[in-house]
Amino acid sequence: MKTPNMINAKNRHSNQIKYTKYNIDLGNFGKGKKFFVRTYGCQMNEHDSEKIKGMLTSVGFEYTDDINDADVIILNTCAIRENAHDKVFGFLGVLKHMKQSKNIIVGICGCMAQEEVVINEILNKYKQVDFVCGTHNLDNILSILKEQIDTKKRQIEVLSYEGDVVENVPVLRDSIYSAWVDIIYGCDKFCTYCIVPYTRGMQRSRYHEDIVNEVKELVKKGYKEVTLLGQNVNAYGKDIYEDYTLANLLSDVADTGIERLRFVTSHPWDFTDEMVDVIAKRDNIMPYIHLPLQSGSNKILKLMNRRYTKEEYLKLYHQIREKVKDSSITTDIIVGFPGETEEDFEETLDVVNECKFDGAFTFAYSPRENTPAARMKDSIPEEVKMDRLHRLNEVVNKYSNEANQKLLNKTVKCLVTGISEKDEDKVCGYTENMKLVNIAGDKSLIGKIVNVKIIEAKSFSLDGEYIK
């Protein structure tokens, strides 16, 4: 049994990182069994789940999206918010009842698995969990699962070292049109509220040749869109190269001929002029940028250890808007951070009113155990946090609606990704600047990039009709 240690996780040792290729051969031990994966959290977790699916199918397991048919149930978890914890622990209660009537194996992976306090809670309270696998050793999940099946004993393997960069891990992608591609793991920013540097480890980049070759293979398979992934993609290459950055990688990936190229998530500190220029010049790099603000107050930004000022953020923001044609910019904002006064919050509203973001993910601050912010005095009443969140969302939604109204009666290009959740007789897709469109058209459009006329604009989506 190997459990995580938060003290060890804070120690950074780049010489521990190894670059290896996936090389696990355990035969076909999953033949005749089915598995189910439930994913919580960010795009990184979604792509990790694709890897979990790929690894399990490589040894004979069959994926099912019906949990009642599954022999193995895996929860791939998130540690960013407290409610993510609550959802996982709540669902474990459901699985406890399932185990009473059916012989199933329950496993937990992802960022929650890297939290020392979580593992201790699982060990003490959640006996229905049969195995736990951390983020740093996800590529070893088959060995952990097989050991559990063979011995019928609980397996806990969560390593506190930095983790390796493992190439050629099997992937079962959720889409045959749009693909996630990891370019950098971990984070070295240590924002005081964030647990990711501890759960995901030190930032470590993949070699650019491996990334470009992966995208070339996706192009050959007919993929239309690729999104480059990382906790902080803008830091790409800093750990392994002296003169190769994300700007270089964007150019090289664009040269593969992929029709649509995106990247998430950016940290303003590492966003360079070269990146802006590359995005502006290349037609197949989509004009959508997620640029987390977190706060509009320099005092709060410093307490958050964000490493930029409001003025620096605004300079970058306007540079992108001016240079990148038809750009769409979304953001993240936290209200109620320890020490935030009404004046600090008003400064955040001022920035939102200046930037008029296309959208924002907004949160009321909640402490994450073992982060520096958790040791700060959090004296802001919950009702004040909720009031600020409500006021912020009113402003954000207003500008989101205004941005969408600008597209009314215009014809835009959409990658059609599936059936509309709003209307089964429609399909849906995304514009180049990442606007969701529900489209009057049939299923034959799925997987194609088509022209769509926008006929109705709402705050969070658009309605359009297919133009032949």
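Counting begins at 1 with the first residue of the sequence. Computed from heavy atoms alone, side chains included, the values below leave out hydrogens, waters and symmetry copies.
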If we only count heavy atoms from C-beta on, is the I141 to I74 side-chain gap below 4.5 Å?
yes
Answer with yes or no after comparing the ring centroid distance for Y19 and Y207 against a 6.0 Å cut-off, counting only values under it.
yes
From C428 SG over to L462 CG, what is the distance, rounded to the nearest 0.5 angstrom?
12.0 Å
Distance alone, cut at 3.5 Å: any donor-acceptor contact between the side chains of Q203 and N232?
no
Could you tell me whether the side chain of L75 reaches within less than 4.5 Å of the side chain of V129, counting heavy atoms only?
no
Audit row: V181, Y223, side-chain contact (heavy atoms from CB on, under 4.5 Å) steps and yes/no
CA-CA 12 Å; V181 174; Y223 279 81; over 6 Å; no
Could you tell me which non-hydrogen atom of Q114 sits nearest to which non-hydrogen atom of G134, and how far apart they are?
OE1-CA, 3.2 Å
For S420 and D423, test the side chains for any donor-to-acceptor distance below 3.5 angstrom and give the result as yes or no.
no
When you check the gap from the basic side-chain N to the acidic O, do D66 and K34 get nearer than 4.0 Å?
no
Side chains of Y193 and Q294: is there a donor and an acceptor less than 3.5 Å apart?
yes
Does N23, at its CG atom, have more than 12 non-hydrogen atoms belonging to other residues, nucleotides or ligands within less than 6.0 Å?
no
I'd like to check M434 versus H290 (side-chain heavy atoms, cut-off strictly below 4.5 Å). Are they in contact?
no
Take F61 and V72 through the test side-chain contact (heavy atoms from CB on, under 4.5 Å) and record every step on the way to the result.
CA-CA 9 Å; F61 284 97; V72 178; 3.8 Å; yes
Are any side-chain N or O atoms of E167 and backbone N or O atoms of V165, one a donor and one an acceptor, separated by less than 3.5 Å?
no
One pair to check against side chain to side chain donor-acceptor pair (under 3.5 Å): S49 and N76. What are the steps and the verdict?
CA-CA 7 Å; S49 289; N76 189 18; 2.9 Å; yes
F91 side, atom CZ; R38 side, atom CZ - distance, nearest 0.5 Å
3.5 Å
Check whether any side-chain N or O of D139 sits under 3.5 Å from a backbone N or O of V166 as a donor-acceptor pair, and report yes or no.
no
Side-chain touch Y185/R206, heavy atoms, less than 4.5 angstrom:
yes
Filter on side-chain hydrogen bond (donor to acceptor under 3.5 Å, both in side chains), then keep only pairs touching residues 451-465, sequence neighbours left out; what's left?
N401-S459, K413-N451, K458-D463
To the nearest 0.5 angstrom, please state how far the CD1 atom of I73 sits from the OG1 atom of T64.
10.0 Å
So with a 6.0 Å cut-off around CD of E209, is the heavy-atom count from everything else above 12?
yes
May I ask you to decide if D210's main-chain N or O and N213's side chain share a donor-acceptor pair within less than 3.5 Å?
no
Shortest non-hydrogen contact from N45 toward C111:
OD1-SG, 4.5 Å
Heavy-atom check, side chain of I289 versus side chain of I279, under 4.5 Å
yes
Assess, by modelled atom type and distance only, whether the side chains of N305 and T192 contain a donor and an acceptor separated by less than 3.5 Å.
no
Would you indicate whether K281, at its atom NZ, is surrounded by more than 12 heavy atoms from other residues, nucleotides or ligands within a distance under 6.0 Å?
no
Can a salt bridge be assigned to the pair K53 and E50 using a cut-off of 4.0 Å between side-chain N and carboxylate O?
no
Between I183 and L246, does a side-chain contact (heavy atoms from CB on, under 4.5 Å) hold up when you go through it step by step?
CA-CA 9 Å; I183 66 169; L246 182 60; 3.8 Å; yes
Does E424 CD have over 12 foreign heavy atoms under 6.0 Å away?
no
Show your reasoning for whether side chain to side chain donor-acceptor pair (under 3.5 Å) applies to N248 and S251.
CA-CA 5 Å; N248 302 114; S251 289; over 6 Å; no
Closest non-hydrogen contact found for I211 with V253 is CG2-CG2, 4.4 Å
Are any of the side-chain heavy atoms of I320 and L291 separated by less than 4.5 Å?
yes
Does the side chain of D239 reach to within under 4.5 Å of the side chain of D188, using non-hydrogen atoms?
no
Contact check, side chains of L250 and L228, non-hydrogen atoms, under 4.5 Å:
yes
State, without any angle test, whether T330 and Y288 hold a side-chain donor-acceptor pair at a distance under 3.5 Å.
yes
With sequence neighbours left out, what residues match E432 under salt bridge (Lys or Arg N to Asp or Glu O under 4.0 Å)?
none
Around Y365, counting heavy atoms of other residues, nucleotides and ligands shown, do more than 12 lie under 6.0 Å from its OH?
yes
Distance-only, no hydrogens or angles: does the D25 side chain make a donor-acceptor pair with backbone N or O of G27 under 3.5 Å?
yes
Check the orientation of H208 and Y244. Use parallel for under 30°, tilted for 30 to 60°, and perpendicular for over 60°.
parallel
Within the 3.5 Å criterion, strictly below it, is a donor on D358 or N433 matched to an acceptor on the partner's side chain?
no
What heavy-atom pair brings M286 and R260 nearest, and what distance separates the two atoms?
SD-CG, 3.7 Å
Tell me if a side-chain donor or acceptor on S205 pairs with a main-chain N or O of I184 at a distance below 3.5 Å.
no
Is the ring pair Y241/Y236 parallel, tilted or perpendicular, if the boundaries are 30 and 60 degrees?
tilted
Is D255 paired with R282 through a side-chain N to carboxylate O contact shorter than 4.0 Å?
yes
Distance col, row W180:CH2 vs M44:CE, nearest 0.5 angstrom, shows 11.0 Å
Between F35 and Y63, is the ring centroid distance below 6.0 Å?
yes
Please round to the nearest 0.5 Å and tell me the distance separating atom OH of Y466 and atom CD1 of I439.
10.5 Å
Between R306 and H267, is there a donor-acceptor pair closer than 3.5 Å when you use the side chain of the first and the backbone of the second?
no
For the pair T135 (side chain) and G110 (backbone), establish whether a donor and an acceptor sit closer than 3.5 Å, ignoring hydrogens and angles.
no
Check whether any side-chain N or O of R173 sits under 3.5 Å from a backbone N or O of V171 as a donor-acceptor pair, and report yes or no.
no
Determine the minimum heavy-atom distance between K224 and G447, stating which atoms define it.
CE-O, 3.4 Å
CD/E421: more than 12 non-hydrogen atoms of other groups inside 6.0 Å:
no
When rounded to the nearest 0.5 Å, the distance separating NE2 of H97 from CD of Q128 is 9.0 Å
How would you list, by chain and number, every residue that makes a salt bridge (Lys or Arg N to Asp or Glu O under 4.0 Å) with K102, sequence neighbours excluded?
none
Scanning both residues in full, the closest heavy-atom pair of I258 with L261 reads CG2-CB, 4.3 Å
Are the side chain of D182 and the backbone of L229 linked by a donor-acceptor contact shorter than 3.5 Å?
no
Report yes or no: does S400 contribute a side-chain atom to a donor-acceptor pair with the main-chain N or O of V396 at less than 3.5 Å?
no
Run Y177 and V416 through side-chain contact (heavy atoms from CB on, under 4.5 Å) and show every step you take.
CA-CA 9 Å; Y177 320 112; V416 183; over 6 Å; no
